[in-house]
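Report on the structure given below.
Each chain gets a letter, A, B and so on, in the order the sequences are listed, and its residues count up from 1.
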Amino acid sequence: MPELPEVEVSRLGIAPHLEQQTITQVKIWQPRLRWPISNDVLQLAGEQVTAVKRRAKYLLLESRLGTLIIHLGMSGKLHVVPTDSEKQKHDHFALELASGLSLRLNDARRFGAVLWQGIDEVHEALSKLGPEPLTDEFTGLRLYELSRGKTAPVKSFIMDNAVVVGVGNIYANEALFATGIDPRRAAGKISKARYLELGEAIKVILAKAITQGGTTLKDFLSADGKPGYFKQELQVYGRTGEPCVQCLQPIRAIRIGQRNSFYCPRCQK
DNA sequence: ATGTTGACCTGTAAGC
DNA sequence: TGCTTACAGGTCAACA
């Protein structure tokens, strides 16, 4: 479900309910997610959430004792609900708060994760990540330099978390359309000038998606239940056979690295 | 080393 | 109305 904008929208939705709140109880209903939920997370009971941050597609709930790391995988969702409300199917984990509200993780496919990072540790899930796309550490120049000699498709390249984090299947397709780059092209054979444009396009598209509340494809809702409106902005993703917004050619779908990929055969070279 | 593929798991939609 | 198949927002391990 979530790429970086959806995770950020989730963060913005839950943060006001969590920050400075005391956790009264930690509930592990289903520990078998992508990795088992460690009992280390139980020490959060009685602790205060000092900040709610994000790194890549990971949410970071900080406390005096350490950081709870949440990843939503493909289908994970966070809800803030009254603690006495009924547990839903696929609710796996919850933090109960002194306010009477609870944060619940619901994830049908269980590709998500709940991890514990002790104070002064860096969890290995976070240790090999590239820069955040919306910071100055990420530039088109970086894309250009890292891509030299690579033969993998440019779409796979920009989805590589060691190159830049947070660019998933939707926004990779959109950024390549915005810059007129054929997603199949070898990453190493694209010019510096085009990478400079691509870097900017990634920033602009992700930032806009965040302001629109993310992309709701099937069922993404922010923690307060609102859908995202970026779907209306999608130029190629999911538009197989529909006319290109620029040239009216039908949008094509192909498979790149096992992922559905959409492009305009006329506008993208 | 780099690139590609399968695997994890469940729900939903499409096809027969 | 079934039943079967393919696919879905992500990431990692294993392989060539």
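- Put simply, CZ on A:R32 is 11 Å from C1' on B:dC8, counting in whole angstrom units.
- Comparing B:dT5 with C:dC7, their P atoms are spaced 15 Å from each other, to the whole Å.
- Using a 4.0 Å cut-off between charged side-chain N and carboxylate O, A:K57 and A:E3 make no salt bridge.
- Nucleotide B:dA1 holds its C1' atom 13 Å from the CG atom of A:D160, rounded to whole Å.
- Contact annotation: A:Y237 side-chain N/O to C:dG9 OP1/OP2 distance is under 4.0 Å.
- Across all their heavy atoms, A:A56 and A:L129 have their closest contact at CB-CD1, 3.8 Å.
- Rounded to a whole Å, the CG atom of A:D107 is 13 Å from the P atom of C:dT11.
- DNA chain C is contacted by both A:Q258 and A:Y58; A:Q258 maps to the nucleotide lying nearer its 5′ end (nearest heavy atom per residue).
- Contacts of A:P153 with the nucleic acid, taken as non-hydrogen atoms under 4.0 Å apart, involve only primed sugar atoms and P, OP1 or OP2.
- As rounded to whole Å, 13 Å separates atom P of B:dG3 from atom NZ of A:K189.
- Regarding contacts with the backbone of C:dA8, every side-chain N or O of A:R259 stays at 4.0 angstrom or more from both OP1 and OP2.
- Environment of CZ in A:R252: sparse, with no more than 12 heavy atoms of neighbouring residues, nucleotides or ligands closer than 6.0 Å.
- Spacing of P atoms, C:dC3 relative to B:dC9, comes out at 25 Å, to the nearest Å.
- At whole-Å resolution of the value, CG in A:N169 and C1' in C:dA8 are 10 Å apart.
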I need a per-nucleotide contact map over nucleotides 10-16 of chain B, read 5' to 3'. Cutoff is protein heavy atoms under 4.0 Å; write B for the base, S for backbone only, - otherwise. BSS----
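- The local environment of CD in A:Q20 is crowded, with over 12 non-hydrogen atoms from other residues, nucleotides or ligands closer than 6.0 Å.
- Between the C1' atom of C:dG9 and the CD atom of A:E8 lies a distance of 16 Å, rounded to the nearest Å.
- In DNA chain B, runs of at least 3 stacked Watson-Crick or G-U pairs (N1-N3 plus N6-O4 or O6-N4, or N1-O2 plus O6-N3, all under 3.5 Å) give these stems: B:2-8 with C:10-16, B:10-16 with C:2-8.
- Distances shown here put every side-chain N or O of A:H71 at or beyond 4.0 Å from the OP1 or OP2 atom of C:dG10.
- Look at A:N260 and you'll find a side-chain N or O under 4.0 angstrom from OP1 or OP2 of C:dA8.
- Counting to the nearest Å, the P atom of C:dG9 and the CE atom of A:M159 are 8 Å from each other.
- Between C:dG9 and A:K57, no contact under 4.0 Å exists linking OP1 or OP2 to a side-chain N or O.
- Enclosure of atom CZ in A:R64 is not indicated, since only 12 or fewer non-hydrogen atoms of other residues, nucleotides or ligands lie within 6.0 angstrom.
- Contact check on A:E8 versus A:R11 returns a salt bridge, with a Lys/Arg side-chain nitrogen under 4.0 Å from an Asp/Glu carboxylate oxygen.
- Between A:E62 and the choices A:R54, A:K53, A:R55, the salt bridge (Lys or Arg N to Asp or Glu O under 4.0 Å) rule is met once, by A:K53.
- Within 3.5 Å, no donor on the side chain of A:E3 pairs with an acceptor on the base of C:dG10, nor the reverse.
- For the residue pair A:N169/A:K155, the side-chain donor-acceptor check at 3.5 Å is satisfied.
- In A:K87, the NZ atom is crowded: over 12 heavy atoms of neighbouring residues, nucleotides or ligands sit closer than 6.0 Å.
- Comparing B:dG3 with C:dG9, their C1' atoms sit 23 Å apart, to the nearest whole Å.
- Summarising the local packing, NZ of A:K203 is surrounded by more than 12 heavy atoms from other residues, nucleotides or ligands at distances under 6.0 Å.
- Here C:dT11 presents its P atom at 10 Å from CG of A:L72, a figure rounded to the nearest Å.
- When the shell of 6.0 Å around CZ of A:R32 is examined, it contains 12 or fewer heavy atoms from other residues, nucleotides or ligands.
- Note on ring orientation: taking the six-membered ring where Trp is involved, the planes of A:F157 and A:Y195 are perpendicular (angle over 60°, cut-offs 30° and 60°).
- Proximity of residues 141-152 of chain A to DNA chain B (heavy atom under 4.0 angstrom from any strand atom) is restricted to A:K150, A:T151, A:A152.
- In this structure, A:F111 does not count as stacked on the base of B:dC9 under the 5.5 Å centre distance and 30° plane angle limits.
- Proximity of A:L95 to A:V26: side-chain heavy atoms (C-beta onward) are separated by under 4.5 Å at one or more points.
- Side-chain atoms of A:R34 lie closest to C:dG10 of the nucleotides C:dG10, C:dA8, C:dG9.
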